[in-house]
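Every chain is numbered from 1 and lettered A, B, ... according to where its sequence line falls, protein lines coming before strand lines. A quick note: this is a predicted structure, and the numbers were derived from the prediction, not measured. Computed from heavy atoms alone, side chains included, the values below leave out hydrogens, waters and symmetry copies.
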Protein chains: 2
Amino acid sequence: MDKADRRASLQELLKEHPFLTDEELADHFGVSIQTIRLDRSVLQIPDVRERTRALAEHNYALVRAIGSGEIVGELMTLDLGRNATSVLTTDAAMAFSKTRLVRSHYIFAQADSLALAVIDSDRAITGLSNAKFKRPVTAGERLLARAEVLRSRAPNESVVLVETTVGEDKVFRGKFVVNTETQKRDVEAVV
Amino acid sequence: MDKADRRASLQELLKEHPFLTDEELADHFGVSIQTIRLDRSVLQIPDVRERTRALAEHNYALVRAIGSGEIVGELMTLDLGRNATSVLTTDAAMAFSKTRLVRSHYIFAQADSLALAVIDSDRAITGLSNAKFKRPVTAGERLLARAEVLRSRAPNESVVLVETTVGEDKVFRGKFVVNTETQKRDVEAVV
DNA sequence: AAACCCATTAGAACCAAGTACTAGTAGTAA
DNA sequence: TTACTACTAGTACTTGGTTCTAATGGGTTT
């Protein structure tokens with residue numbers, strides 16, 4: 001394996017495993033640490049600590065928004081069983097890099113979370129959804145979602161309407177049928 | 001501010017800003033670095049590098065799945081304009097902690113991405129969706145999504161059917177109307 | 001007042017994973 | 001032989017720590 005191959009391979013490897021130290025990389029390629037450092041400096045690849053830090057920082061806000069909270073976006077108001085609102089500030093990480101248009105499932109995620117939040121119940125689950133994305137959202141725009149419980153048909157089934165706006169523009173409208181409890185059997189069957 | 005207050009406040013602060021070094025913390029609280037280190041050791045809080053590393057590692061897989069790739073899940077097969085399949089292995093981070101049931105928007109995100117991928121076109125955007133979540137998915141289950149283009153009505157509008165299964169079970173079925181190009185005006189209006 | 005306790009601070013030695021730089025070797029090409 | 005390239009070795013220095021020992025300095029108790 002010559003220099004060019006190694007460097008190409010190094011870049012690939014770090015894309016997959018960004019937490020490898022120079023020492024580990026040196027072992028992996030059977031060269032010295034100095035060689036790895038030379039490679040990194042030529043390829044303009046920062047050190048592990050910087051890579052780790054950048055990754056963590058980059059992902060931090062995003063994950064907080066979409067992954068870790070029960071709500072995607074920030075819950076603003078909540079009248080349990082009636083209505084609720086939440087705000088989600090979109091950013092570049094949520095968008096296609098070429099067009100800067102926010103992936104629709106972020107918009108959906110905000111609406112879906114809000115629909116569940118307004119129903120509450122730890123066991124609330126989306127059973128059905130009907131969504132219209134009215135106009136594309138550009139990274140940076142602030143999404144205001146408003147959820148309203150339309151009716152609670154069966155004791156364990158509610159219909160929630162969610163409308164999302166950016167300023168004056170309606171960007172999303174979705175109806176969610178949220179189930180509670182009923183899943184018990186299914187859940188147990190799964191587990 | 002006494003010791004107890006400072007330590008409580010330290011924990012809160014690090015929850016919000018996990019990338020602060022001891023030096024920055026010392027400045028913030030107007031005490032010496034040693035005091036901060038004592039506090040950290042008593043509170044069992046690891047150092048910045050470890051905090052950063054843990055955060056990055058924890059978020060990495062998750063963000064790769066939902067945020068950074070154009071596809072949520074891994075694209076398995078793709079016959080452009082006809083059909084495609086992708087796999088998403090769910091994990092605890094995608095689920096409600098109490099019930100271990102995967103949040104429905106992850107399932108939606110996989111389907112939505114796949115619907116866009118099968119249509120291709122960098123400007124593809126979801127215009128409408130119609131989704132049914134047939135049974136809850138438990139963290140750890142492997143979601144196989146299959147997308148099929150039903151018809152391309154207008155030259156810039158396609159209808160895609162996505163069905164997601166876990167083993168033999170159907171867990172999701174959704175229809176997506178995907179638009180291409182048409183958004184141009186809106187997009188420019190937004191920017 | 002003297003003795004004591006506690007939180008805080010200082011200082012030294014050490015570590016990991018680097019940067020930046022200098023210098024050397026081994027192999028190949030002109 | 002000389003020259004060039006790739007690689008390696010070694011030193012001094014940096015950041016952000018750890019671990020340990022040893023002060024300070026204020027408040028409380030005796």
Side-chain angles (χ1 to χ4, degrees), chain A residues 1-65 67-68 91-93, chain B residues 1-65 67-69 91 93:
Chain A
M1 182 187 263
D2 76 345
K3 192 174 60 163
D5 288 350
R6 188 188 58 237
R7 288 186 179 171
S9 164
L10 178 68
Q11 275 186 310
E12 280 311 300
L13 186 62
L14 285 181
K15 223 172 263 171
E16 289 304 306
H17 304 282
F19 306 131
L20 293 172
T21 64
D22 287 357
E23 192 175 4
E24 290 165 332
L25 293 167
D27 275 7
H28 180 269
F29 289 107
V31 296
S32 72
I33 286 189
Q34 280 78 1
T35 302
I36 294 296
R37 291 186 177 158
L38 206 80
D39 289 348
R40 271 202 302 105
S41 103
V42 169
L43 297 171
Q44 312 239 58
I45 297 171
D47 69 52
V48 204
R49 299 202 274 230
E50 179 53 28
R51 291 195 306 265
T52 310
R53 200 200 53 72
L55 240 168
E57 208 150 75
H58 174 258
N59 295 165
Y60 191 55
L62 178 59
V63 166
R64 295 189 101 201
S68 73
D91 72 33
Chain B
M1 181 185 262
D2 74 346
K3 193 176 61 166
D5 288 351
R6 190 188 57 238
R7 289 185 178 170
S9 165
L10 179 68
Q11 275 186 313
E12 280 312 299
L13 186 61
L14 285 181
K15 223 174 263 172
E16 287 306 302
H17 304 282
F19 307 129
L20 294 172
T21 64
D22 287 357
E23 193 175 5
E24 289 166 331
L25 293 167
D27 275 8
H28 180 270
F29 288 107
V31 295
S32 72
I33 287 188
Q34 281 79 0
T35 302
I36 295 296
R37 291 185 177 158
L38 206 80
D39 290 348
R40 273 203 300 105
S41 101
V42 169
L43 297 171
Q44 312 240 56
I45 297 171
D47 69 54
V48 204
R49 299 203 273 234
E50 179 53 29
R51 292 195 304 266
T52 311
R53 200 201 53 71
L55 240 167
E57 208 150 74
H58 175 258
N59 296 164
Y60 190 55
L62 179 57
V63 167
R64 294 191 97 200
S68 75
D91 72 36

Could you state the [atom1]-[atom2] distance from [X] to [N], rounded to the nearest angstrom?
X	N	atom1	atom2	result
Glu23(A)	dT8(D)	CD	C1'	15 Å
Lys3(B)	dG27(D)	NZ	P	17 Å
Phe19(A)	dG18(C)	CZ	P	14 Å
Met1(B)	dT8(C)	CE	P	11 Å
Gln34(A)	dT11(D)	CD	C1'	11 Å
Ile33(B)	dT19(D)	CD1	P	16 Å
Arg53(A)	dG16(D)	CZ	P	11 Å
Leu38(A)	dT22(C)	CG	P	14 Å

Any base atoms under 4.0 Å from [X], or only sugar-phosphate, or nothing? Heavy atoms, all strands.
X	value
Arg7(B)	nothing
Arg51(A)	nothing
Asp22(A)	sugar-phosphate

Distance test, side-chain N/O of Arg6(A) to OP1/OP2 of dA6(D), below 4.0 Å: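 Looking at the OP1 and OP2 atoms of dA6(D), neither is under 4.0 Å from any side-chain N or O of Arg6(A).
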Just N and O in the side chain of Ser32(B): are any of them under 4.0 Å from OP1 or OP2 of dT8(C)?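 It does not, given that no N or O in the side chain of Ser32(B) lies less than 4.0 Å from OP1 or OP2 of dT8(C).
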Side chains of Phe29(A) and Asp39(A), heavy atoms from C-beta outward: is any pair under 4.5 Å?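 Not touching, per the 4.5 Å side-chain cut-off.
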Given dT9(C), dG18(C), dT8(D), which nucleotide is nearest the side-chain atoms of Val48(A)?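 The listed nucleotide nearest to Val48(A)'s side chain is dG18(C).
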Candidates dG18(C), dT8(D), dA10(C) - which lies nearest the side chain of Arg37(A):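 Nearest nucleotide to the side chain: dG18(C).
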Mind listing the closest non-hydrogen atom pair of Leu38(A) and Arg7(A) along with its distance?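 For Leu38(A) and Arg7(A), the tightest heavy-atom pair comes out as CD2-NH2, 4.0 Å.
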Taking all heavy atoms of Glu24(B) and all of Thr21(B), pick out the closest pair and write down the distance.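 Looking at all heavy atoms of both residues, the shortest contact is OE1-N, 2.9 Å.
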Matching residue for Asp22(B) among Arg40(B), Arg49(B), Arg51(B) - test: salt bridge (charged side-chain N to carboxylate O under 4.0 Å, His left out):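 Only one option passes, and that is Arg40(B).
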Taking for each residue the nucleotide of DNA chain C bearing the nearest heavy atom, is the 5' side occupied by Ile45(A) or by Ile36(B)?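 Closer to the 5' end of DNA chain C: Ile36(B).
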If you take atom types as modelled and just measure distance, does the side chain of Arg49(B) reach the base of dG17(D) with a donor-acceptor pair under 3.5 Å?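 No, the side chain and the base share no sub-3.5 Å donor-acceptor pair.
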Under 6.0 Å from the CD atom of Gln11(A), do we count more than 12 heavy atoms belonging to anything else shown?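 Yes, because the 6.0 Å sphere around CD of Gln11(A) holds more than 12 heavy atoms from other groups.
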